[in-house]
Amino acid sequence: MAAYLIRRLLQMIPTLLGVVLLVFFLFKFFGSDPAEVLGGMNASNEQIEAIREQLGLNKPVWEQLRIYLGQILTFDWGKSWATGESVANLFKTRLPATLTVTLPILFLEVVLAIPFAMAVAYRRGSLTDRSVMTVATVALSVSLLVYVILAQYFFAFRLGWFPVQGWSDSFWTNLTTYAPLPILIVVAVALAPQIRLYRSFFLDEIGHDYVRTARAKGLAERTVLLKHVLRNALIPILTNITVLVPGVLVGSFLIEVFFSIPGLGREILLAVNRSDYPVIQAFAIYLSMLTMSVNLLTDLLYRAVDPRVVLK
């Protein structure tokens, strides 16, 4: 296990380096000129050149790349070109708000989708199964924006159960007052595809010979489902969760904008509109590091779930 872990960590280095170089050269040669964006339409050539010198954009490419690599190694991304705020401080202060929303979403998606999917898979072809699948199909065809608008109107504006928008400095107030409505909206939307997908995993396992053998031995149906079917279905479920983790983080951007949550997602969208490259580049690198870390953790969980899995 230790040898595998070391080997995977070493393999992540060239992968991360490739992402770093790709991000750098994409923004360098295919992005708009930050000096012209920050200077505005009425800026003179002298003002634009002054901005380029201030941002270090007039230095040779290799020198800019060296500075960029140094920022990554020290986790010091410099300052935002648009606001002058430290990029590291921006991530430090905005990330808690994002995690307050995304972590409960991820937890509830997994905890609710698995038992629901197992229940409808066990009752395949029944009225319950057909009803749940119909509701899930209809839910998939409706945009997230529709859910947000309707939820804000009925549950916040009309019924007054939740505030329409807002955020505070208190973690507990945010978690109990401002975060529940956006969390419930995203979970309600995400459950539909997750239940459909996990149901197919469970149905595939229920149809195997080992399930019929376990039933023939007289094992209780609860034991068959939890000890055998669930355990074997966890492998593809973990694979799906691997994709789900970065997706939940990116998907929270829209929620943060609609509910005025001062999180990382809203800052990234503002950075894109402002061509604030240091913030965008930092997020791209952090997201790639998160994805690789989650992939590694998932491989280790494969081994924990099924000892027959061989890590090479």
Side-chain angles (χ1 to χ4, degrees), residues 98-148 150-151 155 175 179-208 211 221-256 259 265 290-291 293-295 297-306 309:
T98 297
L99 294 179
T100 302
V101 176
T102 56
L103 291 183
I105 289 173
L106 183 62
F107 175 77
L108 291 175
E109 279 188 34
V110 176
V111 170
L112 295 178
I114 291 177
F116 267 108
M118 181 182 293
V120 295
Y122 176 69
R123 299 180 176 274
R124 180 182 183 182
S126 67
L127 178 61
T128 301
D129 180 29
R130 292 195 298 269
S131 300
V132 172
M133 289 300 98
T134 301
V135 172
T137 302
V138 172
L140 279 170
S141 62
V142 181
S143 170
L144 174 62
L145 293 176
V146 176
Y147 289 102
V148 171
L150 291 178
F155 297 114
L175 188 61
L181 184 57
I183 289 173
L184 291 176
I185 292 173
V186 177
V187 171
V189 173
L191 276 181
Q194 300 305 321
I195 290 176
R196 287 173 59 91
L197 181 62
Y198 294 167
R199 173 182 177 272
S200 66
F201 295 156
F202 288 124
L203 286 177
D204 183 60
E205 295 298 328
I206 290 175
H208 285 174
V211 175
E221 198 66 27
R222 179 186 179 89
T223 303
V224 173
L225 291 175
L226 297 180
K227 187 176 180 180
H228 297 284
V229 175
L230 176 60
R231 186 172 184 178
N232 286 279
L234 278 179
I235 297 296
I237 288 176
L238 287 174
T239 303
N240 180 69
I241 294 175
T242 302
V243 180
L244 195 63
V245 173
V248 169
L249 179 63
V250 176
S252 68
F253 292 2
L254 189 62
I255 290 295
E256 292 183 11
F259 287 90
L290 173 64
T291 303
S293 300
V294 171
N295 287 335
L297 178 60
T298 303
D299 288 344
L300 298 179
L301 289 176
Y302 286 160
R303 177 69 176 179
V305 169
D306 189 350
V309 174

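Nearest heavy-atom pair across Ala136 and Ala192 is O-CB, 3.5 Å. The two residues Thr100 and Ile183 come nearest to each other via the heavy atoms O-CD1, 4.0 Å.
Taking 4.5 Å as the limit, some side-chain heavy atom of Ile185 sits within range of a side-chain heavy atom of Phe259. Between Tyr147 and Leu184 there is no side-chain heavy-atom pair separated by less than 4.5 Å. Taking the side chain as every heavy atom from C-beta outward, Phe201 and Leu234 never approach each other to under 4.5 Å. Contact of the Leu108 side chain with the Val186 side chain is not registered, since no non-hydrogen atoms from C-beta on lie closer than 4.5 Å.
Residues passing the side-chain contact (heavy atoms from CB on, under 4.5 Å) test with Thr298, sequence neighbours excluded: Leu238, Thr242, Val294, Tyr302. The side-chain contact (heavy atoms from CB on, under 4.5 Å) test applied to Thr223 returns Ala220, Lys227, not counting sequence neighbours. In terms of the side-chain contact (heavy atoms from CB on, under 4.5 Å) criterion, residue partners of Asp204 (sequence neighbours excluded) are, by chain and number, His208.
Here Ile105 contributes atom CD1 and Leu99 contributes atom CG; the two are 11.0 Å apart, rounded to the nearest 0.5 Å. Atom CD of residue Glu205 and atom CG of residue Leu225 lie 11.5 Å apart, to the nearest 0.5 angstrom. Atoms CZ and CG, from Phe202 and Asn232 in turn, are 10.5 Å apart once rounded to the nearest 0.5 Å.
Judged by distance alone, with hydrogens and angles left aside, the side-chain atoms of Glu256 form a donor-acceptor pair with the main-chain N or O of Gly265 at under 3.5 Å.
Among residue pairs with one or both ends in residues 180-200, those qualifying as salt bridge (Lys or Arg N to Asp or Glu O under 4.0 Å) are Asp129-Arg199; sequence neighbours excluded. For residues 232-251, no pair satisfies salt bridge (Lys or Arg N to Asp or Glu O under 4.0 Å), with sequence neighbours left out.
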Under 3.5 Å donor-acceptor pairs involving side-chain atoms of residues 109-123, not counting sequence neighbours:
none

